[in-house]
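Read through the structure below, which is laid out as structure tokens, and then see the notes.
Letters A, B, ... mirror the listed sequences (proteins, then strands); counts begin at 1. Just so you know, these numbers use all the heavy atoms, side chains as well, and skip hydrogens, waters and symmetry mates. Note that the structure is a prediction, hence the values are computed from the model and not measured.
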Amino acid sequence: MRSATVALQPRGYGGVVQRLSARGSGVDNHAWNAMMVAAQAGDASSYHRLLSEVVAWLRRYYARRLPPAMIDDAIQDTLIAIHEKRHTYDPTRPFGAWLAAIARYKWIDALRSLKAKPTEVLDDDIPVADHEEAITSAWSLERLLATLKPAQSQAIRLVKLQGLSIEEASKATGQSAALVKVNIHRGLNRLTSLLRSESDAD
Amino acid sequence: MRTEPLIDRLANELKPVRRRTGWSDALALVVLCAVELGLFLAMGMMRPDMPTAMHLASFWWKPASLGLIGLVSGSVAIMSLDPVRSPRRGLRWIMALIAVCLASGWLLEPSRDGFSTLTSRLDWVSGLECLYTIVALSVPAVIGLGLLIRRGAPTDHAGTALAAGLAAAAWGAFVFVFACRFDDPLYVAVWYSLGCGAVTLFARCTLPRLTRW
């Protein structure tokens, strides 16, 4: 009869638990078995420790299977299921396989609930602000300013682009206020003539 | 809600539990079935021609087949209450067993009269009565298995419900064998199959809804 109802342990249960143990998660199957046996006998401190360790395992388990927003709910559902069905754990078999079976069952439940609460499908053309013009403008301006004398480009950058006053620009550059004005004037004229010549060429 | 408060709450609520074992579930089910069979026979429901019927191979074919199907199905259902066990492979064995039982019935008494006597052999009126009685006799087993499923932790509700339905139906039919005066394998194959099918379908549709956890 035993062969007729072969224990069809879903693939990879034991493997998953062992791999996680090996990665230093602190998972010790024998310790978990012992803690669960103690929990079945009513030992609250062992049970608390077991559940705390199980949470870390469950978080990793669901992180690879569910959207981030659903992970906490799935973990809590699984903890409640472990609590309600703790009498079904058989101490002669590994706790990891039992836990993995319950986690998988709750994962399928979570996927079903996801199906029952359909998320809104996003349009392929999501309207977002187009920054292309700003990027192109900034790049073009830098290219034009680079053609000016350093004193002219610096004065234009500080006063016209960064919004400093003539006096502040004068202090920042070490130029006199009158020279700052002259450099701005000459620089803008130079830029205007450059743009005109470029548009003529086009 | 964060997980730490939940863990604290669950740990504080912890009480010792009595472990579930397959043997204890099986024992509870056997007691229930024995009581049902005892009551059924005590009510004087046994067929009057039982001594004669006991000399027929076709009579023994009925309880042997139904008992075997009920035993295997019940075992599969109970074992699948453990979350790490799936009933799927067991269900395949049950289907094969049903096919073997039906084939053995046909070998026991193959129809030599073709379809000419089909209507009289099937006896619609008695057949419907048989169907109704099998369904009624399956009810205690369905309830018993439903309670066991609720207490257990099956992870394949559909498969477990199917196995439980087959077990309950086979048991209901097994009990009815002692009252049914028809031993014709064709009659049994048709009406018993319909009765068992109805019980199995009912269990398959209702038990998964009532036993979710």
Handout entry: Beyond-backbone contact of B/Leu6 with A/Ile80, side-chain heavy atoms, under 4.5 angstrom
Key = yes
* Side-chain (A/His87) to main-chain (B/Gly152) donor-acceptor, under 3.5 angstrom -> no
Apply the test side-chain contact (heavy atoms from CB on, under 4.5 Å) to residues B/Lys15 and A/Arg86: give CA-CA distance (whole Å), side-chain angles for both, the deciding distance (0.1 Å), then the verdict. CA-CA 10 Å; B/Lys15 284 176 187 160; A/Arg86 64 190 186 280; 4.3 Å; yes
Non-hydrogen side-chain atoms of A/Ser52 and B/Glu4 separated by less than 4.5 Å: no
Closest non-hydrogen contact found for B/Pro83 with A/Ala101 is O-CB, 3.5 Å
CG (A/Asp90) and CZ (B/Arg85) are apart, to the nearest 0.5 Å, by 8.0 Å
To the nearest 0.5 Å, atom CZ of B/Arg19 lies from atom OH of A/Tyr89 at 8.5 Å
CG of B/Leu10 to CG of A/Leu50, rounded to nearest 0.5 Å, is 11.5 Å
In terms of heavy-atom pairs under 4.5 Å with chain A, the winner among B/Val17, B/Leu14, B/Asn12, B/Thr21 is B/Leu14
To the nearest 0.5 Å, atom CG of B/Asp156 lies from atom CD1 of A/Ile108 at 9.0 Å
Turns out that what part of A/Leu79 lies under 4.5 Å from chain B's heavy atoms comes down to both
Do A/Arg104 and B/Thr155 come within less than 4.5 Å of each other through their side chains, counting heavy atoms only? no
- Query: Side-chain contact, heavy-atom cut-off 4.5 Å: B/Arg151 with A/Lys85?
  - Reply: no
Chain B shares the most heavy-atom pairs under 4.5 Å, among A/Lys106, A/Glu84, A/His48, with A/His48
_For the CZ atom on A/Arg186, are there more than 12 heavy atoms of other groups (residues, nucleotides or ligands in this structure) within a distance under 6.0 Å?_
no
| Would you say B/Tyr187 has more than 12 foreign heavy atoms packed within less than 6.0 Å of its OH? | yes
Should B/Arg212 and A/Asp109 count as an ion pair when the cut-off is N to O under 4.0 Å?
yes
- Message: Angle between ring planes, B/Trp213 versus A/Tyr105, binned at 30° and 60°: parallel, tilted or perpendicular?
- Response: parallel
If one checks every heavy atom of A/Gln40 against chain B at 4.5 Å, the contacting part turns out to be both
(message) Are A/Thr88 and B/Leu81 packed together at the side-chain level, in the sense that at least one heavy-atom pair is separated by less than 4.5 angstrom?
(response) no
Honestly, the part of B/Arg18 sitting under 4.5 Å from a heavy atom of chain A is backbone
